[in-house]
Amino acid sequence: MKFDYLFKNVTVIDGSGGAQYRADVAVQGERIAQIAPSISESAHHEIDGTGRVLAPGFIDVHTHDDINVIRMPEYLPKISQGITTVIVGNCGISAATATMKGAVPDPMNLLGEAEQFVYPTVAAYAEAVEQAKPAVNVGTLIGHTALRNNHMDDLFRAATPDEISAMREQLRLALEQGGLGLSTGLAYATAFHSTTEEVMALAEELAAGKGIYTTHLRSEFEPILDALDEAFSIGRHGKVPVVVSHHKCAGAKNWGRTVETLKLFDKVRQQQDVSCDCYPYSASSSTLDLKQITEDFDIIITWSEPHPEVAGQSLKQIAESWAMTLVEAGKLLMPAGAIYYNMDEQDVRRVLSYPVTMVGSDGLPNDPMPHPRLWGAFPRVLGHYSRDEKLFPLTVAVHKMTGMSAARFQLAERGLVKCGYFADLVMFDPETVRDVASFSHPQQPAAGIEAVMVNGVMSYGRDKQVIGRAGRFLRR
């Protein structure tokens with residue numbers, strides 16, 4: 001028998017968190033066919049992996065790529081990092097199940113324009129993904145804010161019992177069609193007025209369909225412990241796992257408090273299934289929020305509808321040139337996007353190295369000046385934090401990006417280098433892998449990613465071009 005691909009002499013880091021080992025790995029069709037110390041059979045394509053690591057393709061558990069994977073199916077920002085699967089629909093905003101009656105509410109405008117929301121069901125979204133055949137696999141959560149926007153005439157209030165009932169019905173159908181779970185973005189004004197009981201009622205739909213609850217907490221600032229308590233109580237009520245999105249302690253007054261938050265995680269984990277994801281940077285990125293404007297740290301404007309000319313400038317520079325306060329300038333810039341230098345590096349390290357933390361990029365693909373995490377998050381963990389800073393071994397880094405994530409989101413037969421599993425694979429040079437994307441030049445592919453395979457199709461190579469597209473929609 002002749003294999004399709006044979007990786008020779010690779011160092012396998014299999015995604016389980018276990019020790020690395022030397023082996024040959026053969027791929028036949030869409031699956032891993034054989035793993036052995038030496039494979040003598042021939043292959044149509046033989047790849048010498050001496051000095052290289054072969055790992056499962058990385059799973060980006062926190063993205064806002066919902067519409068972009070369909071509009072730009074080559075999707076270079078992700079495949080170039082070794083990412084083979086993206087989870088979309090985070091922070092309460094999903095393209096799947098969303099219908100727009102008028103202007104796109106904040107923060108759903110991060111995903112696209114009104115005319116691009118054309119997926120009223122998960123089935124419609126799944127079909128669009130399958131037709132576009134993106135370079136990466138796609139799984140979707142269902143956004144709470146999307147459901148609210150479908151069934152409410154005013155997002156700045158709590159939902160009525162009838163509206164909650166309508167949202168539940170739509171969520172139930174979405175889960176039946178393969179949605180992975182429910183996400184919330186309770187910090188955003190469009191969801192902030194929802195009560196804990198509203199979210200609990202929706203969470204009741206998750207247990208039957210074995211869904212997951214992910215949340216952008218109601219606050220990542222001073223009230224963070226209360227916000228975590230709320231998230232965990234929603235999980236308990238719904239009897240479902242909880243993932244805290246991009247866990248951080250934001251704002252200068254909050255720096256250092258991950259000691260407290262992770263202690264709470266430790267305590268709660270003894271009774272229920274809770275975890276988190278994070279991106280490996282001490283700056284965040286989102287829409288410009290007047291509540292977050294402060295003089296305590298720098299805020300860079302990435303885009304502004306009324307003033308596109310200021311993209312890339314700091315809010316402080318803009319306010320000074322306009323001879324006004326930061327908040328006054330912020331009001332004139334809206335709607336806009338911003339990068340907030342609002343975290344402490346020690347907090348980032350603490351969360352990233354926490355045992356149940358997964359890696360997610362949280363990149364915003366429609367920003368003209370995106371945060372570098374869109375292109376650099378995963379190689380930054382491998383190169384900067386694991387190799388250079390020695391925060392944790394490479395086997396742990398890979399586990400946080402693969403096996404742990406696949407298990408958490410129930411992605412069957414993915415996330416491990418294992419016989420019979422789908423051949424989602426990345427080969428990289430552990431000595432040179434690093435993030436090249438920077439805040440000043442964010443749109444740059446990583447160094448050291450040498451081959452990326454999705455469902456057995458070679459999709460990205462050393463010339464930094466997309467050479468294959470074999471992504472699929474992944475149902476729960």
TODO: Look at the side chain of Q81 and the backbone N and O of A377, then say whether any donor-acceptor pair between them is shorter than 3.5 Å.
DONE: yes

Open item on the list: Do P445 and W375 make a side-chain contact, defined as non-hydrogen atoms from C-beta onward lying under 4.5 Å apart?
Closed with: yes

TODO: Supply the atom-to-atom distance F297 CZ to M343 CE, rounded to the nearest 0.5 angstrom.
DONE: 9.5 Å

Task: Nearest heavy-atom neighbours spanning V61 and I87 - done: O-CB, 3.5 Å

Open item on the list: Looking at every non-hydrogen atom in both residues, tell me the closest pair between V88 and D66 and how far apart they are.
Closed with: CB-OD1, 3.3 Å

TODO: Rounded to the nearest 0.5 Å, what's the gap from CG on D14 to NE2 on H399? Could you check?
DONE: 10.0 Å

- [ ] Taking atom CD of E127 as the centre, report whether more than 12 heavy atoms of other residues, nucleotides or ligands fall under 6.0 Å from it.
- [x] no

Open item on the list: We want to know whether S194 and R148 form a side-chain donor-acceptor pair, criterion being a heavy-atom distance below 3.5 angstrom.
Closed with: no

- [ ] Evaluate the ring planes of H64 and H62, with Trp represented by its six-membered ring, and classify them as parallel (under 30°), tilted (30 to 60°) or perpendicular (over 60°).
- [x] perpendicular

TODO: Keeping the roles fixed (side chain from S459, backbone from A135), state whether a donor-acceptor pair exists under 3.5 Å.
DONE: no

Open item on the list: Please give me the minimum heavy-atom distance between A397 and V381, naming the atom from each residue.
Closed with: CB-CG1, 4.1 Å

- [ ] Spell out, as yes or no, whether a donor-acceptor pair under 3.5 Å connects the side chain of K248 to the backbone of N342.
- [x] no

Open item on the list: Which label fits F58 and F428: parallel for a plane angle under 30°, tilted from 30 to 60°, or perpendicular past 60°?
Closed with: tilted

- [ ] Please test V129 against Y119 for side-chain contact (heavy atoms from CB on, under 4.5 Å), starting from the C-alpha separation and ending with a verdict.
- [x] CA-CA 11 Å; V129 169; Y119 316 107; over 6 Å; no

Task: Test item: R373 side-chain N/O and P280 main-chain N/O as donor-acceptor pair under 3.5 Å - done: no

Task: Flag, side chain of R472 to backbone of N137, donor-acceptor distance under 3.5 Å - done: no

TODO: Any chance you could lay out the side-chain contact (heavy atoms from CB on, under 4.5 Å) test for R218 and D226, step after step, and finish with the verdict?
DONE: CA-CA 9 Å; R218 207 175 281 270; D226 291 339; over 6 Å; no

Task: pair V27-L425: side-chain heavy atoms closer than 4.5 Å - done: yes

TODO: Measure the shortest side-chain to side-chain distance between S275 and M358 over non-hydrogen atoms and say whether it is less than 4.5 angstrom.
DONE: yes

Task: Geometric cation-pi criterion, K291 with F221: 6.0 Å, 45° - done: no

TODO: Compare all side-chain heavy atoms of Y188 with those of I93 and state whether any distance is below 4.5 angstrom.
DONE: no

TODO: Kindly determine whether L76 and Y460 satisfy side-chain contact (heavy atoms from CB on, under 4.5 Å), including the steps that lead there.
DONE: CA-CA 9 Å; L76 193 59; Y460 178 83; 3.7 Å; yes

TODO: Would you please say whether a donor-acceptor pair under 3.5 Å links the side chains of S183 and N90?
DONE: no

- [ ] Taking side-chain hydrogen bond (donor to acceptor under 3.5 Å, both in side chains) as the test, write out the residues that go with S245, two or more places apart.
- [x] none

Open item on the list: Just by distance, no angles: are the side chains of D298 and S314 close enough, under 3.5 Å, to form a donor-acceptor pair?
Closed with: no

Open item on the list: Taking side chain to side chain contact (heavy atoms under 4.5 Å, CB included) as the definition, give me every residue that meets it alongside T184, ordered by chain and number, with sequence neighbours left out.
Closed with: H144, L186, V199, Y213, T215

Task: Donor-acceptor side-chain pairing of Y354 and D266 below 3.5 angstrom - done: yes

- [ ] Determine whether H371 and F439 make a side-chain contact, defined as any pair of heavy atoms from C-beta on separated by less than 4.5 Å.
- [x] yes

Open item on the list: Quick check for you: to the nearest 0.5 Å, what is the distance between K78 atom NZ and D60 atom CG?
Closed with: 4.0 Å

- [ ] Return yes if some donor-acceptor pair links the side-chain N/O of K464 with the main-chain N/O of S80 below 3.5 Å, else return no.
- [x] no

- [ ] Determine whether the side chains of H247 and T261 contain a donor N or O and an acceptor N or O closer than 3.5 Å.
- [x] yes

- [ ] To the nearest 0.5 Å, tell me how far M108 CE sits from T190 OG1.
- [x] 9.0 Å

- [ ] Mark yes or no for whether S386, through its side chain, and G383, through its backbone, hold a donor-acceptor pair below 3.5 Å.
- [x] no

TODO: Decide yes or no for Y385 and S353: does some side-chain heavy atom of the first lie under 4.5 Å from some side-chain heavy atom of the second?
DONE: no

Open item on the list: Tell me whether D424 contacts the main-chain N or O of G57 through its side chain, where contact means a donor paired with an acceptor under 3.5 Å.
Closed with: no

Task: Shortest non-hydrogen separation from I299 to Q292 and the atoms involved - done: CD1-O, 3.9 Å

Task: Pairwise distance CD(Q410) to CD1(I212) - rounded to 0.5 angstrom - done: 7.5 Å

Task: Any T294 side-chain heavy atom under 4.5 Å of Y340 side chain - done: no

Task: Non-hydrogen atoms of V104 and G112 that approach each other most closely - done: CG2-O, 4.1 Å

Open item on the list: Using the rule given for side-chain contact (heavy atoms from CB on, under 4.5 Å), can you reason through I59 versus M401, listing the C-alpha separation, both sets of side-chain angles and the distance that settles it, and then say yes or no?
Closed with: CA-CA 6 Å; I59 298 168; M401 306 173 166; over 6 Å; no

TODO: Mark yes or no for whether R52, through its side chain, and M427, through its backbone, hold a donor-acceptor pair below 3.5 Å.
DONE: no

Task: Greater than 12 external heavy atoms within 6.0 Å of E130's CD - done: yes

Task: Check: I234 and V242 side chains under 4.5 Å, non-hydrogen atoms - done: no

Open item on the list: Rounded to the nearest 0.5 Å, what separates atom CD in Q313 from atom OG1 in T302?
Closed with: 12.5 Å

- [ ] Look at D347 together with R350 and state whether they make a salt bridge at an N to O cut-off of under 4.0 Å.
- [x] yes

Task: Which atom of V136 lies closest to which atom of T85, heavy atoms considered - done: CB-N, 4.4 Å

Open item on the list: Between F232 and F265 (judged by ring centroids, cut-off 6.0 Å), do the two rings come close enough to count as a pair?
Closed with: yes

- [ ] Say whether, by atom type as modelled, one donor and one acceptor occur between the side chain of N366 and the main chain of L111 under 3.5 angstrom.
- [x] yes

